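First the structure, which I've put down as C-alpha cells, then a few questions once you've had a look.
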Amino acid sequence: MQVVATSVIAVLGTLLSSALTYVFQRRNAERSEQFARNERLRQERIDAYCAFGGAPADYRRGRWITGTPGTTAGT
C-alpha cells in the first residue's frame, strides 16, 4: 500500500509541475508579445515624429534652393 501511495504522490507532483510550467511559460509568452507590440508601436511613433519633423526642413530647403522670395538664396 505504501508503494501505491508513493507512486500516486509522484504522479501528482509531476502533473502539478507540468501545469505550473505551462502557466509560467504562457505568462512569459504573453509578456514577450506585449513587449514586442509596444516596441513596434514605439518605433512607428519615432518614425512618424521624424517624418513630421523633417517635412518643414525639406520644405525650407526646397524654397532656399529654388530661390523663392523670402529666402536668402538667389538675392
Side-chain angles (χ1 to χ4, degrees):
M1 188 64 170
Q2 186 178 4
V3 174
V4 173
T6 304
S7 298
V8 168
I9 291 173
V11 169
L12 290 177
T14 303
L15 290 175
L16 179 63
S17 66
S18 295
L20 286 175
T21 301
Y22 168 75
V23 169
F24 288 132
Q25 284 182 348
R26 191 172 104 198
R27 187 180 304 165
N28 191 23
E30 288 173 358
R31 284 184 187 159
S32 296
E33 289 174 5
Q34 183 178 7
F35 177 78
R37 188 178 324 117
N38 288 341
E39 185 63 25
R40 190 171 44 250
L41 178 61
R42 179 183 157 277
Q43 191 62 43
E44 288 176 1
R45 284 181 178 165
I46 289 173
D47 291 342
Y49 298 154
C50 289
F52 184 76
D58 291 341
Y59 175 73
R60 277 185 252 125
R61 189 178 308 114
R63 286 187 51 153
W64 187 80
I65 290 172
T66 60
T68 305
T71 61
T72 57
T75 56

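Since this is a predicted model, take the numbers as computed values, not measurements. Position 1 is the first residue of the sequence, and the numbers go up from there.
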Mind listing the side-chain donor-acceptor pairs of residues 9-23 below 3.5 Å, one per line with the distance, residues two or more places apart or on another chain?
from : atom 1 : to  : atom 2 : distance (Å)
T14  : OG1    : A10 : O      : 2.9
S17  : OG     : G13 : O      : 3.3
S17  : OG     : T14 : O      : 2.8
S18  : OG     : T14 : O      : 3.0
T21  : OG1    : S17 : O      : 2.8

Without placing hydrogens or testing angles, list every side-chain donor-acceptor pair under 3.5 Å for residues 35-56, not counting sequence neighbours.
from : atom 1 : to  : atom 2 : distance (Å)
N38  : ND2    : Q34 : O      : 3.4
E39  : OE2    : R42 : NH1    : 2.9

For R61 against D58, the heavy-atom pair lying closest together: NH1-OD1, 2.8 Å
